[in-house]
Amino acid sequence: MGKPEFLQNTAMIIQMKSLDSLVEGRPIDNPVVKPLLEAVLGRRTQRLPIWIMRQAGRYLPEYRETRTRAGNFLELCYTPELATEVTLQPLRRFDLDAAILFSDILVVPDALGQAVRFETGEGPMLAPLDQSGIDALEPARAEAHLAPVIETVRRIRAVIRPETTLIGFCGSPWTVATYMIGGRGSSDQAAARLFSLRHPAAFQRLIDVLVETSIGYLVRQLDAGADVVQLFESWALNLDELAFRQWVIAPNRRIVAGIRAMRPNAPIIGFPRGAAGMLPVYAAETGVNVLGLDYGVPLAIDDVLPEGLGVQGNLDPLRLVAGGGQMLDRARDIVAGFSGRPHIFNLGHGIVPDTPIAHLEALIAHLRGL
Ligand code: 1CP
């Protein structure tokens with residue numbers, strides 16, 4: 001796919017960066033280039049930007065130690081000192097281009113007054129919402145409740161290298177709603193799908209609360225120092241076209257537009273996991289800068305996505321668990337497959353706890369040598 005010459009020319013990119021700096025009134029002699037942010041903004045860079053989905057977590061012994069110290073998982077998310085510490089852990093070990101705020105998508109329901117518990121060895125647990133529960137949510141308390149997370153963003157920004165991009169995030173409304181209605185994770189999201197069909201008006205009210213809360217939450221993350229924000233739509237699978245448009249595309253589009261109404265040009269990554277045939281529509285209609293690709297997406301998606309749209313992904317996390325030649329070969333093919341557009345190397349879903357650290361080291365060394 002042909003690209004304008006200037007997108008391939010690093011010297012020009014640096015010049016353009018300097019012009020940006022002039023426009024924004026920053027000193028032009030010291031423009032700090034963040035390769036990952038550049039890619040999100042649609043510019044190809046010499047250095048391949050890399051981060052790993054869920055890069056802080058149980059595969060790291062130092063994470064397990066800090067989590068034990070925190071007592072429980074939500075305490076870890078709400079204690080800025082500890083959340084900053086676990087955010088930095090993968091950056092100390094690996095040559096990565098981004099830090100991602102350590103938190104969870106389920107701090108939002110917790111902030112709205114639907115208490116969330118994380119039992120060790122099990123996923124999240126919530127008391128499932130019914131129609132009256134939706135109307136009892138308390139959006140007014142969310143900002144104060146989430147203040148420690150914003151403080152964590154501030155602390156991370158203060159200590160990471162200026163070249164490192166800081167990624168903030170929240171869950172997209174549909175994905176968060178599947179936990180709020182179902183009370184826990186499930187493989188088919190049947191509880192939320194049925195609820196949305198039986199009680200569309202109540203479900204729309206829930207989505208509206210999540211859209212509004214997410215806009216405010218992400219704008220505060222950007223103001224505290226996040227360079228980019230990512231919308232995790234981890235359960236975009238299992239929806240028919242109509243439901244996908246109603247509960248995935250429309251709310252994500254409203255969040256993107258709502259953020260940009262307050263912070264024009266805010267860089268946003270969308271990750272609609274499992275969107276499959278709806279990916280091009282999602283990209284065109286939500287307005288995200290970068291599309292996250294799960295590992296089910298074929299490399300040939302490159303032919304049908306809008307020219308210049310950035311992509312992120314899509315290595316199967318189990319290739320990283322197994323390691324060796326198959327992992328390195330697939331990583332090389334992914335990089336080659338997206339060489340015609342801005343590309344951020346990542347996994348197609350979160351790294352899993354039994355991933356050997358040596359495999360991640362080998363993967364990153366391989367990518368740096370390409
Ligand atoms: O036991 C533990 O220590 C908890 C494991 C854990 C961790 C490390 C959970 C519980 N959440 C997190 C952190 C987390 N969650 C991050 C920041 C870490 C980083 O990237 O460095 C992020 C971005 C998330 C986002 C998240 N939480 C998503 C979207 C991404 C995805 O994987 O699809 C989802 C769906 C959740 C819900 C959730 N939180 C935790 C678990 C085990 C789950 C999934 C439950 C399920 O399968 O339904």
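Start at 1 and go down the list; that is how both ligands and their atoms are numbered. These numbers come from the heavy atoms of this one structure, side chains and all, not from hydrogens, waters or symmetry mates. These numbers were taken from a predicted model, which means no experiment stands behind them. Numbers for residues simply follow the sequence, beginning at 1.
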Trainee: Around atom CZ of Phe94, are there more than 12 heavy atoms from other residues, nucleotides or ligands closer than 6.0 Å?
Mentor: yes

Trainee: Any salt bridge linking Arg92 with Glu62? Criterion: basic side-chain nitrogen under 4.0 Å from a carboxylate oxygen.
Mentor: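 Looking at Glu62 together with Arg92, the answer is no, because their closest N to O distance does not fall below 4.0 Å.
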
Trainee: For ligand 1, is there an N or O atom under 3.5 Å from any N or O atom of Arg273?
Mentor: no

Trainee: Counting each atom of ligand 1 from 1 as listed, which ones have a heavy atom of Gly185 under 4.0 Å away?
Mentor: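 Per the distance check, 48 (O).
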
Trainee: Would you call Arg47 and Asp97 a salt bridge, taking side-chain N to carboxylate O under 4.0 Å as the test?
Mentor: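 A salt bridge links Arg47 with Asp97.
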
Trainee: Check this for me: does any side-chain nitrogen of one of Arg205 and Asp208 sit under 4.0 Å from a carboxylate oxygen of the other?
Mentor: no

Trainee: Looking at ligand 1, does Gly171 have a heavy atom less than 4.0 Å from it?
Mentor: no

Trainee: Going by heavy-atom distance to atom 12 (C) of ligand 1, choose the closest among Phe73, Phe169, Tyr59.
Mentor: Phe73

Trainee: Testing Ile255, Val248, Asn252 for side chain to side chain contact (heavy atoms under 4.5 Å, CB included) with Ser172, which one passes?
Mentor: Asn252

Trainee: Please say whether more than 12 non-hydrogen atoms of neighbouring residues, nucleotides or ligands are located less than 6.0 Å from CD in Glu143.
Mentor: no

Trainee: As an exercise, identify every atom of ligand 1 less than 4.0 angstrom from a heavy atom of Phe232.
Mentor: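 The list of qualifying atoms is 23 (C), 29 (C), 30 (C).
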
Trainee: Identify, for atom 2 (C) of ligand 1, the protein heavy atom at the shortest distance, and state residue, atom and that distance.
Mentor: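 Here the closest protein heavy atom is Arg67 NE, 2.9 Å.
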
Trainee: Are any non-hydrogen side-chain atoms of Thr164 and Leu96 less than 4.5 angstrom apart?
Mentor: no

Trainee: Considering distance alone, does some N or O of Ala56 sit under 3.5 Å from an N or O of ligand 1?
Mentor: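 Ala56 vs ligand 1: N/O contact under 3.5 Å present.
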
Trainee: Does either side chain, that of Asp135 or that of Gln131, offer a donor lying less than 3.5 Å from an acceptor on the other one?
Mentor: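 Note: Asp135 and Gln131 side chains miss the donor-acceptor criterion.
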
Trainee: When you look at CD of Glu65, are more than 12 heavy atoms from neighbouring residues, nucleotides or ligands closer to it than 6.0 Å?
Mentor: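 More than 12 heavy atoms, drawn from other residues, nucleotides or ligands, come within 6.0 Å of this atom.
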
Trainee: Give the atoms of ligand 1, by number and element, whose distance to some non-hydrogen atom of Tyr63 is under 4.0 Å.
Mentor: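 What qualifies from ligand 1 is 2 (C), 3 (O), 4 (C), 8 (C).
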
Trainee: Write out the residue and atom name of the closest protein heavy atom to atom 20 (O) of ligand 1, then the distance separating them to 0.1 Å.
Mentor: Arg54 CA, 2.8 Å

Trainee: Consider every N or O of His349 and every N or O of ligand 1, then say whether any pair is closer than 3.5 Å.
Mentor: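 His349 vs ligand 1: N/O contact under 3.5 Å present.
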
Trainee: Under the rule for side chain to side chain contact (heavy atoms under 4.5 Å, CB included), what residues qualify as partners of Leu328, not counting sequence neighbours?
Mentor: His366

Trainee: Have a look at Phe118, Trp235, Phe102 and point out the one with the heavy atom closest to atom 40 (C) of ligand 1.
Mentor: Phe118

Trainee: Would you say Trp51 has any N or O atom under 3.5 Å from an N or O of ligand 1, going by distance alone?
Mentor: no

Trainee: Would you say ligand 1 has an N or O under 3.5 Å from any N or O of Tyr179?
Mentor: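 Tyr179 vs ligand 1: N/O contact under 3.5 Å present.
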
Trainee: Just to be sure I'm reading this right: ignoring hydrogens, which of Pro353, Gly182, Pro124, Ser172 gets closest to atom 45 (C) of ligand 1? Compare them by their nearest heavy atoms.
Mentor: Pro124

Trainee: Which of the listed options, Ile105, Leu106, Ile167, holds the heavy atom that is closest to atom 36 (C) of ligand 1?
Mentor: Ile105

Trainee: Atom 13 (C) of ligand 1: which protein heavy atom is closest, and how many Å away?
Mentor: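 Protein heavy atom with the smallest distance to atom 13 (C) of ligand 1: Ser103 O, 3.3 Å.
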
Trainee: Just to be sure I'm reading this right: ignoring hydrogens, which of Ser234, Gly168, Gly57 gets closest to atom 30 (C) of ligand 1? Compare them by their nearest heavy atoms.
Mentor: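 Nearest option to atom 30 (C) of ligand 1, by heavy atoms: Ser234.
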
Trainee: For a side-chain hydrogen bond (donor to acceptor under 3.5 Å, both in side chains) check, start with the C-alpha distance between Gln246 and Ser196, then their side-chain angles and the critical distance, and finish with the verdict.
Mentor: CA-CA 10 Å; Gln246 197 171 7; Ser196 69; over 6 Å; no

Trainee: For atom 38 (C) of ligand 1, what is the nearest protein heavy atom, given as residue, atom name and distance?
Mentor: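 Of the protein heavy atoms, Asp104 OD1, 3.7 Å lies nearest.
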
